[in-house]
Amino acid sequence: MIPLQAKHTQGNSLMKGKAMTPNDRRSRRSRAATLKVGTACALLSVSSGLSAQTSFRWDSDTGADARQDSGLLAVYSPRATMRRVYPGSSLRVMPVATGFDVREFEALAQGLVDTGKTPGLAMAVVQGGRILSARGYGVTDTRNPETVDPHTVFRLASLSKAFASTVTAQLVADGKLRWDSHPLDYIPSLRFADPTAAQRLTVADVLSHRVGIGHNAFDRDLEANAEYPMLMQKLAYAPMSCAPSECYAYQNIAYSLIGNVVESVSGNTYEQTVARRLFRPLGMFDASYGLEGIASSKRWAKPHVGSGRRWTPVYPKPTYYRVAPAAGVNASITDMAKWLLAHNGHRGDVIPNSLLATLHAPLIDTPAETGASAWRRQRLDAAGYALGWRVYDYAGHRLVFHGGAVQGYRGVAALLPERDLGVVVLWNSGSSAPSGLLPTILDRAIGISPQRWLDIEIEAELGAENLYANKTAVTATSATAAVPAGVDDDGERAQGGAEAPAITEKPEK
């Protein structure tokens with residue numbers, strides 16, 4: 001039985017091979033910019049009431065059909081230039097490159113815990129519809145150590161966002177929602193500083209961080225133990241950067257509006273709906289929501305703070321569990337291997353390929369991502385946000401990605417569709433070192449000579465996925481100037497010193 005949080009968290013309601021040079025990147029970005037005009041022109045001919053429920057082709061043996069793209073135009077942003085990496089464009093799956101060996105990656109993961117870079121870690125690699133590796137490394141708790149095994153539960157933080165978008169897509173497929181449905185219809189009290197914003201905001205806007213308010217709005221208040229229903233009402237006081245759908249700014253509280261919508265449409269709590277429609281059908285039997293969920297797991301990884309070999313376990317902070325769609329899921333590496341298989345198209349009975357094509361289509365550009373860390377700077381040529389997933393042009397190859405971080409936990413999950421590859425790494429510390437496993441594996445799969453990614457510890461490696469609100473986030477008491485309309489800034493530049501102090505926090509009564 002899947003444990004659920006007892007307290008209702010939602011309140012009331014193609015280039016192959018080598019890395020590119022700077023000149024190559026400038027040339028590619030120049031070509032990409034010319035696509036923007038064409039995309040915008042296409043949008044003008046589409047009715048605003050069009051539903052994004054068109055059947056999309058995932059792996060096609062024939063050329064791309066322009067009609068496949070038409071359904072997305074109702075939610076597609078004219079600011080997005082990444083249609084060249086849109087999955088409807090006749091993807092052909094290839095084998096991984098020669099020399100791809102999961103034993104190499106397992107040895108690297110073991111080395112990370114052996115050298116004290118993190119107390120514990122779990123990693124899964126799936127390819128070709130099979131789980132090649134799903135193992136645990138290190139210990140759950142440095143004070144009372146137990147071995148991390150394939151069923152050890154970790155907190156997923158912002159990896160939870162893809163569960164929210166996926167269950168929403170299922171409701172869209174059922175005809176109970178549309179991507180252009182308005183949350184206001186399900187949350188009558190919803191207000192923004194712009195009186196027209198709530199009327200314009202769509203479900204797709206919420207799930208792609210195109211609400212129009214400043215990034216990480218009211219996260220500071222959430223960290224100060226404010227409850228979600230109160231913070232939802234305070235969205236009315238967040239400065240508007242743009243009208244809904246017109247610019248990107250990463251959110252946790254505003255993102256969780258989708259939970260209210262799902263509850264209204266499904267007739268069950270958000271957590272129960274995800275468990276019934278995703279966890280159970282996919283066989284994610286270790287998965288849960290909330291603090292109570294992880295604490296009741298048979299074996300779970302405790303969060304740790306500190307550095308080097310001096311890792312100190314702390315009790316999980318409850319705050320971000322209050323925004324379940326944004327950050328509420330707990331899962332084991334076995335669960336996550338099954339999740340990646342489903343998102344690579346191998347569980348069409350639960351997540352049809354037509355839904356995957358929609359979920360993985362980039363809706364808005366996020367160019368700041370291309371400079372967020374060493375591997376992003378060297379490998380990414382473009383970046384965008386889809387529905388609960390990021391989409392990258394990784395050295396000419398489409399990468400579907402998300403990261404997550406909250407005190408004492410980090411994780412990355414990625415799909416390389418053209419190789420039918422999925423990778424997820426979860427660890428129980430704030431170390432950035434394990435994040436280097438991902439580009440190492442991707443480079444091997446593509447056939448690029450890998451850099452020494454594991455030797456590079458990057459401050460704020462996960463950038464916007466770090467759930468700790470940064471110093472420019474909007475708060476209830478001191479709302480800073482919002483990002484100018486049209487400028488993408490997801491907090492990467494101000495994230496370095498934002499992590500909360502190492503304190504031990506007891507669970508709420």
Side-chain angles (χ1 to χ4, degrees), residues 14-19 54-69 72 82-102 104-105 123-134 162 166 169 282 336-362 379-384 386-402 412-425 437-450:
L14 272 175
M15 292 177 62
K16 299 182 183 178
K18 62 186 178 117
T54 302
S55 294
F56 293 90
R57 183 177 296 143
W58 182 247
D59 295 338
S60 174
D61 294 326
T62 60
D65 185 344
R67 291 174 298 175
Q68 296 178 73
D69 292 348
L72 267 188
M82 292 189 65
R83 290 174 68 84
R84 58 200 161 99
V85 295
Y86 167 52
S89 300
S90 189
L91 176 71
R92 297 180 185 276
V93 176
M94 299 177 288
V96 292
T98 302
F100 183 88
D101 188 347
V102 294
E104 173 191 356
F105 315 134
M123 179 180 69
V125 180
V126 303
Q127 198 276 324
R130 298 185 300 121
I131 299 175
L132 303 185
S133 179
T166 303
L282 293 176
M336 293 304 289
K338 295 173 181 178
W339 178 241
L340 293 186
L341 287 174
H343 269 272
N344 260 339
H346 298 287
R347 287 300 307 271
D349 57 318
V350 181
I351 312 175
N353 289 354
S354 59
L355 298 188
L356 295 177
T358 306
L359 289 167
H360 299 167
R379 291 289 187 253
L380 300 192
D381 185 53
L387 296 164
W389 289 96
R390 296 188 182 279
V391 184
Y392 292 155
D393 184 335
Y394 186 97
H397 306 264
R398 180 166 53 87
L399 181 69
V400 180
F401 168 89
H402 217 286
V412 291
L415 307 164
L416 195 63
E418 69 174 42
R419 310 287 172 152
D420 197 4
L421 176 74
V423 180
V424 61
V425 187
L437 283 168
L438 177 61
T440 299
I441 296 171
L442 296 175
D443 286 356
R444 290 293 192 204
I446 294 168
I448 302 174
S449 296

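This chain uses plain numbering: 1 for the first residue, then up along the sequence. Everything numeric here is computed off the predicted structure, so don't read it as measured data.
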Shortest non-hydrogen contact between [X] and [Y], atoms and distance:
X      : Y      : value
Thr166 : Trp339 : OG1-CH2, 3.5 Å
Ala413 : Val424 : CB-CG2, 4.0 Å
Ala361 : Ala386 : O-CB, 3.1 Å
Ala395 : Ile448 : CB-CD1, 3.7 Å
Phe100 : Val125 : CZ-CG1, 4.1 Å

Can you name the side-chain contact (heavy atoms from CB on, under 4.5 Å) partners of Ala414, sequence neighbours left out? Leu399, Phe401, Leu438
Under the rule for side-chain contact (heavy atoms from CB on, under 4.5 Å), what residues qualify as partners of Ala342, not counting sequence neighbours? Leu282, Arg347, Ile351
Hey, could you give me the [atom1]/[atom2] distance between [X] and [Y], rounded to the nearest 0.5 Å?
X      : Y      : atom1 : atom2 : result
Leu355 : His360 : CG    : NE2   : 10.0 Å
Met94  : Asp420 : CE    : CG    : 11.5 Å
His343 : Leu415 : NE2   : CG    : 7.5 Å
Asn353 : His346 : CG    : NE2   : 9.0 Å
Leu442 : Leu437 : CG    : CG    : 10.5 Å

Side-chain touch Pro439/Tyr394, heavy atoms, less than 4.5 angstrom: yes
Sub-3.5 Å donor-acceptor pair from the side chain of Asn344 to the main-chain atoms of Leu421, do we have one? yes
When the side chains of residues 126-133 are checked against the rest of the protein, which donor-acceptor pairs come out under 3.5 Å, sequence neighbours left out?
residue, atom, partner, partner atom, Å
Gln127, NE2, Arg419, O, 2.9
Ser133, OG, Glu106, OE2, 2.6

